[in-house]
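One-based numbering, in listed order, for ligands and for the atoms of each. Counting from 1, the numbers follow the sequence of the chain as shown.
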Amino acid sequence: MIILGIETSCDDTAVSVIKTIREHMQSISHVRFSQIKTHAKYGGVIPEVAAREHAVTIIPTLDSALKKARLTMDKIDIIAVTQGPGLAPALSVGIDTARVFSAIYKIPIVPVHHIEGHMLSVWPIKGIAGSAKTAPHFPMVSLVVSGGHTLLVLIKKIGSYKILGSTCDDAAGEAFDKVATLMELPYPGGPHISKLAKSGNRRAFEFPRPMMHQPNLDFSFSGLKTAVRYFIDARKTLHKKLKCDIAASFEEAVADVLVTKTEKAIQQYTPRSLSLVGGVSANSYLRKRLQRSAKLKKVQLYLAPPLLCQDNATMIAMVAGLHKTKGSVSIWKKLNPKPTWSVSS
Ligand code: KG4
Ligand code: ZN
């Protein structure tokens, strides 16, 4: 089965092709065009601007993915496309592209939940560096950390997801981005904070860890961001060493909260495996902390491969592959974006 994945939920225009043979998956092409340069000027993603960029880029991206795969559209068995959640005008571009090619070539469409894509990105796929060798055992607890989401999800099997906890305000990635803006770092700030933190002292400042000691599995990051804001406002200038210490102390606070809540989830649900996925899963310090914690709790940890941490279309195609669905040809007539779609099933 040859599956073409399309992802346009936020600020990445991505098209991938994967091949599935029974339960085995192989990456054939993986193309991602990031709009970061455009959005950096505004300090965040503007939905209409994102949609316009997707509209310009989607066909060249699709063309490039097919060329790299040495395939033509008529050889595609399924089109997997992100239906939500995400920015409605951005999602529409990917969905409309899928609809047009589905109608013309009579290719079935599989609508995919973006967060399910992140969660299934840790399944084994050949041709993606750092991908697991064996499929995770269930039940699995997944820590999903991205620019728009912070979730702890219990995966009982593929397609069966229970949200155990989520953020009450900002997502973890959003907190990274907002603190980076306070420190006048470029957008998106996560990778820049992470880089500075490597040379900083993680114990320099004691920033708050909101909700960390509450028994529930929910998160809150807005108070932490505000604490950093007050701290920065109270200083006239931020020299390099101070910036590194703020970044390190902030990263420590975020990691403490994420790891503590994940450990609580492990304690309550005794999963056989644990995963870390989403844009913030690229954070090397968080990866290290969770590795330590998984070892201690004797649970098998699956980290998203670096290429699949950020938004991409391979994970979207993988969802269709792992569900072993044939999709639907007629769905193109009525497929609409679902900007606020819950992953809970
Ligand atoms: O999953 P993603 O690509 O897009 C969404 O679906 O939101 O996640 C993007 C988020 C941004 O907030 C970005 O700052 C964050 O992931 N991020 C990081 C790192 N790399 C990306 N945050 C912390 N450390 C990183 N190394
Ligand atoms: Zn994402």
Is there a heavy atom of His149 sitting under 4.0 angstrom from any atom of ligand 1? no
Pro191 heavy atom under 4.0 Å from ligand 1: yes
List every atom of ligand 1 that sits less than 4.0 Å from any heavy atom of [X], numbering the atoms from 1 in the order shown and giving each element.
{"X": "Gly147", "answer": "5 (C), 7 (O), 8 (O), 9 (C), 10 (C), 12 (O)"}
{"X": "His114", "answer": "6 (O)"}
{"X": "Gly148", "answer": "7 (O)"}
{"X": "His118", "answer": "1 (O)"}
{"X": "Gly173", "answer": "12 (O)"}
{"X": "Pro188", "answer": "14 (O)"}
{"X": "Gln310", "answer": "3 (O)"}

Atoms named by residue and atom, protein N, O or S, within reach of the Zn ion (ligand 2) (under 2.8 Å): His114 NE2, His118 NE2, Asp311 OD1
Exactly one of Val144, Leu143, Ile115 clears side chain to side chain contact (heavy atoms under 4.5 Å, CB included) with Val277, and that residue is Val144
For [atom], what is the closest protein heavy atom, and at what distance to 0.1 Å?
{"atom": "atom 22 (N) of ligand 1", "result": "Gly190 CA, 3.4 Å"}
{"atom": "atom 5 (C) of ligand 1", "result": "Asp311 OD2, 3.6 Å"}
{"atom": "atom 15 (C) of ligand 1", "result": "Val280 CG2, 3.9 Å"}
{"atom": "atom 8 (O) of ligand 1", "result": "Gly279 CA, 3.3 Å"}

Do we get Arg229 above Phe231's six-membered ring, with its NZ or CZ under 6.0 Å from the centre and within 45° of the axis? no
Face-on cation placement of Arg202 at Tyr285 ring, 6.0 Å and 45° thresholds: yes
Do [X] and [Y] have side-chain atoms, one donor and one acceptor, less than 3.5 Å apart?
{"X": "Asp311", "Y": "His114", "answer": "yes"}
{"X": "Ser249", "Y": "Glu251", "answer": "no"}
{"X": "Thr13", "Y": "Thr61", "answer": "no"}

Decide, yes or no, whether a salt bridge links Glu48 with Arg52 under the criterion of side-chain N to carboxylate O below 4.0 Å. no
Are Arg289 and Asp256 within salt-bridge range, i.e. N to O under 4.0 Å? yes
Please walk me through it: do Asp11 and Thr38 pass side-chain contact (heavy atoms from CB on, under 4.5 Å)? CA-CA 9 Å; Asp11 58 349; Thr38 303; over 6 Å; no
Hydrophobic clusters join Ile, Leu, Val, Met, Phe, Trp and Tyr when side-chain heavy atoms are under 4.5 Å apart, directly or via other members; which others share one with Tyr187? Val45, Leu87
Is it true that atom CH2 of Trp123 has more than 12 heavy atoms of other residues, nucleotides or ligands lying nearer than 6.0 Å? yes
The salt bridge (charged side-chain N to carboxylate O under 4.0 Å, His left out) partners of Asp63 (sequence neighbours excluded) come to Lys67
For ligand 1, find out whether one of its N or O atoms is nearer than 3.5 Å to an N or O atom of Asn283. yes
For residues 294-313, which residue pairs pass the ring pair (Phe, Tyr, Trp, His ring centres under 6.0 Å) check, not counting sequence neighbours? none
Proximal candidate to atom 13 (C) of ligand 1 [heavy atom criterion; set Val45, Ile115, Asp177]: Asp177
